[in-house]
2 protein chains.
Amino acid sequence: MTANAVQADSRPSPRKRAGNGAAPRDVADDVGLDALVGHAGYAVRRFQIWIFQDFIKTLGEVDIRPTQYSVLTVIGANPGLSQMAVAKRLGIERARLVHLLDSLEQRKLVKRTKSKEDRRSHALHLTAQGETALAKFKRLAAEHERHVEAKIGKENRAQLLRILAGFT
Amino acid sequence: MTANAVQADSRPSPRKRAGNGAAPRDVADDVGLDALVGHAGYAVRRFQIWIFQDFIKTLGEVDIRPTQYSVLTVIGANPGLSQMAVAKRLGIERARLVHLLDSLEQRKLVKRTKSKEDRRSHALHLTAQGETALAKFKRLAAEHERHVEAKIGKENRAQLLRILAGFT
DNA sequence: GAAAGATTGTTGTTGACGACAACAATTGCC
DNA sequence: GGCAATTGTTGTCGTCAACAACAATCTTTC
């Protein structure tokens with residue numbers, strides 16, 4: 001956050017008026033980026049920060065973060081998957097997935113069952129409660145996507161998804 | 001990492017052959033994403049991971065990470081800036097910038113000078129060594145951008161920059 | 001059939017990173 | 001001059017990725 005011209009900043013009036021401390025004019029408003037502009041990584045990073053924060057805010061009422069959402073979605077679409085499979089598919093460390101599942105299991109959204117085919121692994125399923133919850137999460141996620149459309153434009157969002165389809 | 005079809009994975013042969021442990025076929029190769037496809041945030045996250053790793057690898061020989069590069073670039077383009085100004089411009093916590101500058105100052109790339117206009121703040125400048133170093137960093141960064149072009153296509157990269165220009 | 005090697009889930013450590021809170025020094029406003 | 005605000009700094013907390021090590025289990029191989 002503390003972005004630049006992005007969304008509603010914390011300064012309603014341009015110039016910030018007087019009344020507080022130093023800073024003749026609002027500092028760093030016209031700092032040249034120069035070489036930074038034109039770097040794909042920088043733009044993507046800033047956008048990613050924005051989009052994640054909107055996701056977190058939009059799904060805030062149900063307390064679901066992007067990674068949790070992706071885990072639930074994959075399990076919901078592929079019941080019985082092992083932790084290894086989920087981790088591999090989402091590019092998450094399996095060590096990290098352990099904590100994620102601990103949290104989701106405490107909330108009664110996911111269930112770990114000992115697999116009978118491979119007793120090392122756990123078969124992952126959504127609970128009944130998890131199913132209905134995920135349905136709600138998906139509605140909120142769709143709302144979040146509409147925010148993205150409102151931010152960058154419907155056409156541009158579609159373009160973006162097309163360009164980055166190979167990374168999904 | 002541990003992406004999917006992204007760059008050179010750690011498995012040269014498709015199917016991974018036998019010779020090791022379990023997994024009849026390489027697990028999680030055809031796991032349905034379904035609902036995850038079509039989420040801008042997910043695609044952007046995966047892309048951002050890829051692009052940062054390529055940046056880190058390409059600038060690995062000089063040991064410069066994306067954030068460090070952005071700090072050096074801004075200071076180089078706007079000598080005399082305060083830490084507050086840099087932090088605000090890049091969306092970095094000023095507390096975080098302290099450590100970043102500590103590191104860059106130890107490496108003799110940046111110099112903190114007590115500002116005479118405002119004795120609370122530090123004026124930031126590149127050292128002579130920092131100038132020449134940054135020139136090299138920029139060449140490597142340009143090489144990184146070429147990797148991005150090779151990955152998603154020249155046209156698509158330009159599209160991306162245009163779409164996300166508002167976040168820069 | 002048994003040993004050797006690999007995989008799965010788990011725990012723990014490390015380091016980068018963002019969000020906050022508190023503090024001394026300094027500045028601007030009244 | 002006094003008070004509020006800003007700047008740089010330090011420290012804490014929580015998230016997250018990258019590793020390493022371990023027990024249990026499976027596959028391969030002899």
Side-chain angles (χ1 to χ4, degrees), chain A residues 1-3 16-28 45-46 48-50 52-53 56 63 65-68 70-71 81-88 90-103 105 112-124, chain B residues 1-3 10-11 16-28 45-46 48-50 52-53 55-57 63-71 81-88 90-103 105 112-124:
Chain A
M1 53 173 62
T2 312
K16 199 175 211 174
R17 206 185 110 262
N20 32 18
R25 300 167 312 167
D26 199 354
V27 80
R45 170 178 163 257
R46 299 297 291 247
Q48 206 254 6
I49 292 173
W50 180 89
F52 262 53
Q53 276 172 350
I56 293 170
D63 190 30
R65 317 193 81 250
T67 310
Q68 296 175 315
S70 68
V71 170
L81 234 47
S82 72
Q83 296 187 191
M84 225 5 238
V86 172
K88 221 168 192 174
L90 292 177
I92 303 175
E93 288 279 319
R94 64 183 200 275
R96 166 108 190 91
L97 188 59
V98 172
H99 302 298
L100 283 169
L101 288 175
D102 285 349
S103 162
E105 203 171 23
R112 277 191 260 221
T113 315
K114 303 209 66 170
S115 171
K116 294 178 179 175
E117 302 168 344
D118 187 339
R119 299 193 350 248
R120 293 172 301 181
S121 65
H122 290 163
L124 302 176
Chain B
M1 53 172 66
T2 313
S10 53
R11 56 186 142 121
K16 200 176 212 175
R17 202 186 112 264
N20 34 15
R25 301 164 312 165
D26 199 354
V27 81
R45 169 177 166 259
R46 298 297 291 247
Q48 206 255 7
I49 291 174
W50 180 88
F52 262 55
Q53 275 170 353
F55 187 99
I56 293 171
K57 196 200 311 176
D63 190 30
I64 287 290
R65 317 193 85 251
T67 311
Q68 295 175 315
Y69 178 77
S70 68
V71 170
L81 234 47
S82 71
Q83 298 187 190
M84 235 348 249
V86 173
K88 223 169 190 173
L90 292 176
I92 302 175
E93 288 279 321
R94 66 183 198 274
R96 167 107 190 92
L97 189 59
V98 172
H99 302 298
L100 284 168
L101 288 175
D102 285 348
S103 162
E105 203 171 26
R112 278 190 259 220
T113 315
K114 303 210 68 170
S115 172
K116 295 178 178 176
E117 301 170 345
D118 187 339
R119 292 182 10 236
R120 293 172 300 179
S121 65
H122 290 163
L124 302 176

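Heavy atoms only: backbone and side chains are in, while hydrogens, waters and symmetry mates are out. Just so we're on the same page: letters track the sequence lines, and every chain starts at 1. Bear in mind the structure is a predicted one, so any value in this text is a computation, not a measurement.
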Check this one for me: any side-chain N or O of Q53(B) less than 4.0 Å away from OP1 or OP2 of dA17(D)?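 Q53(B) to dA17(D) OP1/OP2: no side-chain N or O under 4.0 Å.
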
Return no unless some side-chain N or O of Q83(A) is found under 4.0 Å from OP1 or OP2 of dT7(C).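 Result: no.
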
Closest nucleotide of DNA chain C for D102(A) versus for S121(A): which of these residues is on the 5' side?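 The 5'-side residue here is S121(A).
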
Which is more 5' along DNA chain C, the nucleotide nearest R119(B) or the one nearest H122(A)? Just name the residue.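 In this pair, the answer is H122(A).
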
Using a cut-off of under 3.5 Å, enumerate the N/O to N/O pairs linking the protein to nucleotides 21-24 of chain C.
none

Separation of atom [atom1] in [X] from atom [atom2] in [N], rounded to whole Å:
X	N	atom1	atom2	value
L97(B)	dT10(D)	CG	C1'	14 Å
W50(B)	dA17(D)	CH2	P	19 Å
I56(B)	dA18(D)	CD1	P	9 Å
I92(B)	dA16(C)	CD1	P	14 Å
E117(A)	dT27(D)	CD	C1'	15 Å

Protein-nucleotides 14-16 of chain D N/O pairs closer than 3.5 Å?
from    : atom 1 : to     : atom 2 : distance (Å)
dT15(D) : O3'    : R65(A) : NH1    : 3.3
dC16(D) : OP1    : R65(A) : NH1    : 2.5
dC16(D) : OP2    : R96(A) : NH2    : 2.5

Please round to the nearest 0.5 Å and tell me the distance separating atom CG of L124(B) and atom CD of E105(B).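 Separation between the atoms: 8.5 Å.
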
Would Q83(A) and H122(A) satisfy side-chain contact (heavy atoms from CB on, under 4.5 Å), going step by step from the backbone distance to the final call? CA-CA 7 Å; Q83(A) 296 187 191; H122(A) 290 163; 3.4 Å; yes

Locate the shortest heavy-atom distance separating [X] from [Y]; write the atom from each residue and the value.
X	Y	result
F55(B)	I64(B)	CE2-O, 4.0 Å
R112(B)	V98(B)	NH2-O, 4.0 Å
K116(B)	R119(B)	O-CG, 4.3 Å
I92(B)	R45(A)	CG1-NH2, 4.5 Å
I56(B)	P66(B)	CG1-CD, 3.8 Å

Could one point to a donor on the side chain of R120(B) or the base of dT27(C) with an acceptor on the other under 3.5 Å away?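 Result: no qualifying N/O pair found.
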
If you only use heavy atoms from C-beta on, which nucleotide in dT10(C), dG9(C), dT9(D) is closest to the side chain of V98(B)?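 Closest of the options to the side chain of V98(B): dT9(D).
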
L90(A) backbone acceptor or donor facing R46(B) side chain under 3.5 Å: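 Checking the backbone N and O of L90(A) against the side chain of R46(B), a donor-acceptor pair under 3.5 Å is found.
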
Would you confirm whether Q48(A), through its side chain, and Q48(B), through its main-chain N or O, come within 3.5 Å as a donor-acceptor pair?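 Looks like no, no N/O pair under 3.5 Å.
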
